[in-house]
Amino acid sequence: MKNTWKLAPLAVLAFVMFGCGGGGGGPDPRPIAEGVLDAIKSENFTAIYNYHAPWDHEMQEQETAVRKWRMTEGWDRWKDFKPRLEGDEGLDPKDKSGITGGEEKWTGASDAERYAVLIGCYRVYTADEWEKRLKESDWYWAGRTIDLKEEGQGTATFRYRNRYRDSITVSLVREGGMWYLAGVEINMDKKMPEKPKD
């Protein structure tokens with residue numbers, strides 16, 4: 001079974017009950033992509049949050065106010081959200097983040113901590129021999145695409161692989177001449193790949 005974790009819809013859905021901070025980017029997309037890769041490899045998942053654009057944080061701040069209201073008024077409930085975090089298919093199945101064990105821990109966590117859970121970083125711990133694959137294996141730059149649409153705008157994707165064919169794909173967006181993180185996808189089979197047998 002293949003585990004694929006994507007940033008997009010879950011982050012919008014589940015930025016529940018919190019506020020947001022700043023953001024950061026740069027004039028070259030590759031250092032940002034490599035910073036995200038290094039954060040994942042070193043298990044410093046919360047650092048990824050800082051590579052997003054300031055407007056992403058601002059939008060989430062507005063969404064947060066609505067989500068807080070929905071929680072307070074009973075439209076959204078912790079007991080309905082919690083199953084997305086638990087179990088083999090959950091976002092933090094082993095509570096490695098330390099913030100998914102209950103509503104108070106979740107609401108008391110920092111934006112970066114919740115973000116790391118929502119993009120699926122903690123799912124790497126469900127893979128067999130995850131430490132060997134994530135931390136000890138050499139990751140190499142396996143491909144990139146850059147599309148400069150018009151002056152100061154564009155998109156880019158950087159893909160990294162390790163010797164076991166696991167992959168990390170970092171998507172970026174360029175606005176006003178600056179690059180920012182747009183999304184992260186981690187692909188890692190649950191089972192350790194086996195060598196071919198004759």
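Worth knowing before you read on, the calculation uses all heavy atoms, side chains too, and leaves out hydrogens, waters and symmetry mates.
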Worksheet entry | Within-4.5 Å side-chain heavy-atom neighbours: Tyr115 and His52 | yes
Fill in: Tyr49 and Arg114, any side-chain heavy atoms less than 4.5 Å apart
no
Worksheet entry | Heavy-atom check, side chain of Tyr140 versus side chain of Arg163, under 4.5 Å | no
Item to complete: Locate the shortest heavy-atom distance separating Cys121 from Ile48; write the atom from each residue and the value.
Response: SG-CD1, 3.8 Å
Worksheet item: What is the distance from atom NZ of Lys79 to atom CD of Glu103, rounded to the nearest 0.5 Å?
Response: 11.5 Å
Discussion item. Working to the nearest 0.5 angstrom, can you tell me the gap between Asp128 CG and Tyr164 OH?
Written reply: 12.5 Å
Worksheet item: For Val36, which of Val170, Asn50, Leu172 qualifies under side chain to side chain contact (heavy atoms under 4.5 Å, CB included)?
Response: Val170
Worksheet item: Less than 4.5 Å apart, any side-chain heavy atom of Glu175 and any of Gln153?
Response: yes
Discussion item. Between Phe158 and Ile168, is there a side-chain heavy-atom distance shorter than 4.5 Å?
Written reply: no
Item to complete: Measure across Lys190 and Arg133 and return the closest heavy-atom pair with its distance rounded to 0.1 Å.
Response: O-NH1, 3.7 Å
Worksheet item: Considering all heavy atoms of both residues, which atom of Gly98 and which atom of Asp92 are nearest to each other, and what is their separation?
Response: N-OD2, 4.4 Å
Discussion item. If you compare all heavy atoms of Ile32 against all heavy atoms of Tyr180, which two are closest, and at what distance to 0.1 Å?
Written reply: CD1-N, 4.3 Å
Worksheet item: Do Lys94's NZ or CZ and the ring of Tyr125 fall within the cation-pi criteria of under 6.0 Å and 45°?
Response: no
Fill in: Same apolar cluster (I L V M F W Y, side chains within < 4.5 Å links), Met178/Trp55
yes
Worksheet entry | Inter-residue atom distance Arg161.CZ - Ser137.OG, 0.5 Å rounding | 11.0 Å
Worksheet, complete the sentence: In this structure, NZ of Lys135 is separated from CG of Asn162 (nearest 0.5 Å) by 14.5 Å
Worksheet entry | Option among Val184, Leu37, Thr157 that satisfies the side chain to side chain contact (heavy atoms under 4.5 Å, CB included) test with Thr169 | Thr157
Discussion item. Return the CE to OG distance between Met188 and Ser167, rounded to the nearest 0.5 Å.
Written reply: 9.0 Å
Discussion item. Please evaluate residues Phe45 and Glu113 with respect to the criterion side-chain contact (heavy atoms from CB on, under 4.5 Å), reporting the C-alpha separation (whole Å), side-chain torsions for both, the decisive distance (0.1 Å), and the verdict.
Written reply: CA-CA 8 Å; Phe45 304 135; Glu113 288 172 321; over 6 Å; no
Response to the item:
All heavy atoms of Arg174 vs all of Leu148, minimum pair found to be NH1-CD2, 3.7 Å
Fill in: Note, Trp139 side chain near Ile40 side chain (heavy atom, < 4.5 Å)
no
Worksheet entry | Phe81 and Trp106 aromatic ring geometry - parallel, tilted or perpendicular at 30°/60° bounds | tilted
Discussion item. Does Glu73 have more than 12 heavy atoms from other residues, nucleotides or ligands lying within 6.0 Å of its CD?
Written reply: yes
Practice prompt. Decide yes or no for Glu43 and Lys96: does some side-chain heavy atom of the first lie under 4.5 Å from some side-chain heavy atom of the second?
Written response: no
Discussion item. Count I, L, V, M, F, W, Y as connected when their side-chain heavy atoms are under 4.5 Å apart, and connections chain through other members. Are Trp141 and Ile146 then in the same cluster?
Written reply: yes
Discussion item. Minimum heavy-atom separation for Glu34 and Tyr160, please, with both atom names.
Written reply: CG-OH, 3.2 Å
Response to the item:
So CG of Leu181 and CD1 of Ile119: to nearest 0.5 Å the spacing works out to 7.5 Å
